[in-house]
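As the structure is a prediction and not an experimental result, all values here were calculated from the model. The sequence lines fix the lettering, A, B, ..., with proteins before strands; numbering per chain opens at 1. Heavy atoms only: backbone and side chains are in, while hydrogens, waters and symmetry mates are out.
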There are 2 protein chains.
Amino acid sequence: MPESSRRGPGSEATREKLNAAAAELIGELGWGRVTTRAVAERAGVPHGAVSYHFRGKQELLTEACLAAFGNAVPFEEFASLGGIDDLIDFIAVELEQGLADNTVLTRLMFEAMREAERDDRLRERLQAMMADYRQAVVTLVQADQARGVLSPAFSAEGVAIMLAAVGDGLLLHALLDPGLDIRGGLTALRTVLTASQG
Amino acid sequence: MPESSRRGPGSEATREKLNAAAAELIGELGWGRVTTRAVAERAGVPHGAVSYHFRGKQELLTEACLAAFGNAVPFEEFASLGGIDDLIDFIAVELEQGLADNTVLTRLMFEAMREAERDDRLRERLQAMMADYRQAVVTLVQADQARGVLSPAFSAEGVAIMLAAVGDGLLLHALLDPGLDIRGGLTALRTVLTASQG
DNA sequence: CTAGCATTTGTCCATATGGACAAGTCAAAT
DNA sequence: ATTTGACTTGTCCATATGGACAAATGCTAG
């Protein structure tokens, strides 16, 4: 009888079902079209459950986002990357996953980014995630520069900003056009980055 | 009495007021939260006007998008660019505009990209716009390669895919975090692209 | 066994929404 | 002046929606 799963205020089981359902629907319908009824139905709980577990629709959707991101962001794998080349491989895998299995999470991310302009909590959280990501990339770039793999003339911060933008931009464009040659874009990125080395 | 503005089937004036109002609201509230009443109110026309001029909400919003893009996409200026360096300057200007005056249009673009997955007409149109843009970039890259400004080892198509992604990615990230150093990202991009030249 | 509690469930309601429509308005053609 | 047809305006309605709530349920501590 795990105490954490059924004791205390708020039944975590139902909350999580609602969170998962909400995350799916945000990705499928877009944030603004999600209704509390649709969420409850997909979660397999009655509509009234929403009122009990959340203060309102916006809290439900926001929490669903944050929970989904909290589970899915792979900070550990990230720490094991050796350099930019590994990073681009990593991005490639992420993009392919994001376009195959994880479509829900991918779409959710863009919906959340849009909504973040209207929801302070969401904005702070997403800004922090992006900042962490960029900081990790900066470290990778500096490591490669120390090893002579990347030109020391590059601004590590600038390159990190650029790389983060490329990743999300490619994902966004690929969602819009499934025929887009993502690999071609990434290959170009790799070539361009390392063209000036020895 | 200009014949084009008030004769013929459909009053262009009212339609355009509705289109403009819809485009604004999509950017501000997100596609799914726009209501026909809010659009009519902002346009300064009664709610009933929507039913007369459009077949329904989705047609109104879609048409508003396409009209906004049709007016605002600067294909002419684009043709006057000399090479990649001009292009990056151009992107820089676009980004700064998109974050200052044109915020409405910028947000509208991302909303439209998300909605395009659920609206065939919108998807086709946006795919075509992106394809045109990338094709133009390919031409620029090839010109620079012929002039020896860019390494001929780069795949022009790949670079174009990457550049398009960088632009939209930077814009998206900058909307999320107004403190983001866009110039730093673009400078890095410029440096990286031309680092291998002579 | 029972009282107390969190949780569940079904229902109710005020409001918002999309869309339809009929009556009204206006300008040009006859 | 009258007619005609496009456009406008205000109103109406069926439905959807978010949220509140009371009654039911089930579990635990005493």
Side-chain angles (χ1 to χ4, degrees), chain A residues 1-26 28-65 111 115 118-119 122, chain B residues 1-26 28-65 67 111 115 118-119 121-122:
Chain A
M1 57 182 79
E3 60 186 31
S4 63
S5 70
R6 48 187 158 105
R7 284 301 75 202
S11 163
E12 220 43 44
T14 306
R15 272 182 88 90
E16 276 172 22
K17 275 192 287 187
L18 284 168
N19 275 335
E24 283 182 24
L25 286 172
I26 293 170
E28 291 173 20
L29 310 177
W31 194 291
R33 269 196 282 242
V34 177
T35 68
T36 56
R37 278 179 165 79
V39 173
E41 186 180 10
R42 179 159 311 192
V45 303
H47 171 226
V50 175
S51 298
Y52 179 76
H53 289 279
F54 298 89
R55 221 169 296 176
K57 181 183 172 180
Q58 191 68 5
E59 181 179 294
L60 166 60
L61 298 195
T62 304
E63 186 140 328
C65 266
E111 293 294 331
E115 183 66 15
R118 306 165 200 121
D119 184 308
L122 204 50
Chain B
M1 57 182 81
E3 59 185 33
S4 64
S5 70
R6 48 188 160 102
R7 283 302 76 199
S11 161
E12 220 46 42
T14 306
R15 273 182 87 91
E16 275 172 23
K17 275 192 284 185
L18 285 169
N19 276 334
E24 282 182 24
L25 286 171
I26 293 171
E28 290 174 22
L29 309 177
W31 194 289
R33 268 195 284 242
V34 177
T35 67
T36 55
R37 278 179 165 81
V39 173
E41 186 181 8
R42 179 159 310 192
V45 304
H47 171 225
V50 175
S51 297
Y52 179 77
H53 288 279
F54 299 88
R55 221 168 298 175
K57 181 184 173 181
Q58 192 66 7
E59 180 178 295
L60 165 60
L61 298 195
T62 303
E63 185 140 329
C65 265
E111 292 294 333
E115 183 66 14
R118 307 168 199 118
D119 186 308
R121 190 155 161 245
L122 204 49

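- Within 6.0 Å of CD on B:Glu41 lie no more than 12 heavy atoms contributed by other residues, nucleotides or ligands.
- Counting to the nearest Å, the C1' atom of C:dT7 and the CD atom of A:Glu16 are 16 Å from each other.
- Considering CH2 of B:Trp31 and CD of B:Glu111, their distance stands at 8.5 Å, rounded to 0.5 Å.
- At whole-Å resolution of the value, CD in B:Gln58 and C1' in C:dG19 are 15 Å apart.
- Taking 4.0 angstrom as the limit, B:Tyr52 places a side-chain polar atom (N or O) nearer than this to OP1 or OP2 of D:dC7.
- Between C:dG18 and B:Thr36, a contact under 4.0 Å exists linking OP1 or OP2 to a side-chain N or O.
- Separation of atoms CZ (B:Arg33) and CZ (A:Arg118) is listed at 5.5 Å; rounding is to 0.5 Å.
- Looking at the side chain of A:Lys57, the nearest of the listed nucleotides C:dT8, C:dG19, D:dG18 is D:dG18.
- Between the P atom of D:dC13 and the CZ atom of B:Arg37 lies a distance of 14 Å, rounded to the nearest Å.
- As rounded to whole Å, 11 Å separates atom P of C:dA20 from atom CZ of B:Arg55.
- Atom CD in B:Glu41 sits about 15 Å away from atom C1' in D:dG10, given to the nearest Å.
- Rounded to an integer number of Å, the gap from A:Glu12 CD to C:dT7 C1' is 13 Å.
- Rounded to a whole Å, the CG atom of A:Leu18 is 13 Å from the C1' atom of C:dT7.
- Checking D:dT17, C:dT8, D:dC7 against the side-chain heavy atoms of B:Ser11 singles out D:dC7 as nearest.
- Using a 4.0 Å heavy-atom criterion, one finds that A:Ser51 contacts the bases of the nucleic acid, with or without backbone contacts as well.
- Rounded to the nearest 0.5 angstrom, A:Leu60 CG and A:Leu18 CG are separated by 6.0 Å.
- The distance from atom OG1 of B:Thr35 to atom CG of B:Leu25, rounded to the nearest 0.5 Å, is 7.5 Å.
- Side-chain proximity of A:Ala49 to the nucleotides D:dG10, D:dC7, C:dT9 is greatest for C:dT9.
- Among the nucleotides C:dT17, D:dG18, D:dG10, the one closest to the side chain of A:His47 is D:dG18.
- Note on A:Val39: nothing from the nucleic acid sits closer than 4.0 angstrom, heavy atoms only.
- Checking the phosphate oxygens (OP1, OP2) of C:dA6, no side-chain nitrogen or oxygen of A:His53 falls inside 4.0 Å.
- Applying the 4.0 Å criterion to OP1 and OP2 of C:dT8, one finds that A:Thr14 has a side-chain N or O inside that range.
- As rounded to whole Å, 13 Å separates atom P of D:dC7 from atom CZ of B:Phe54.
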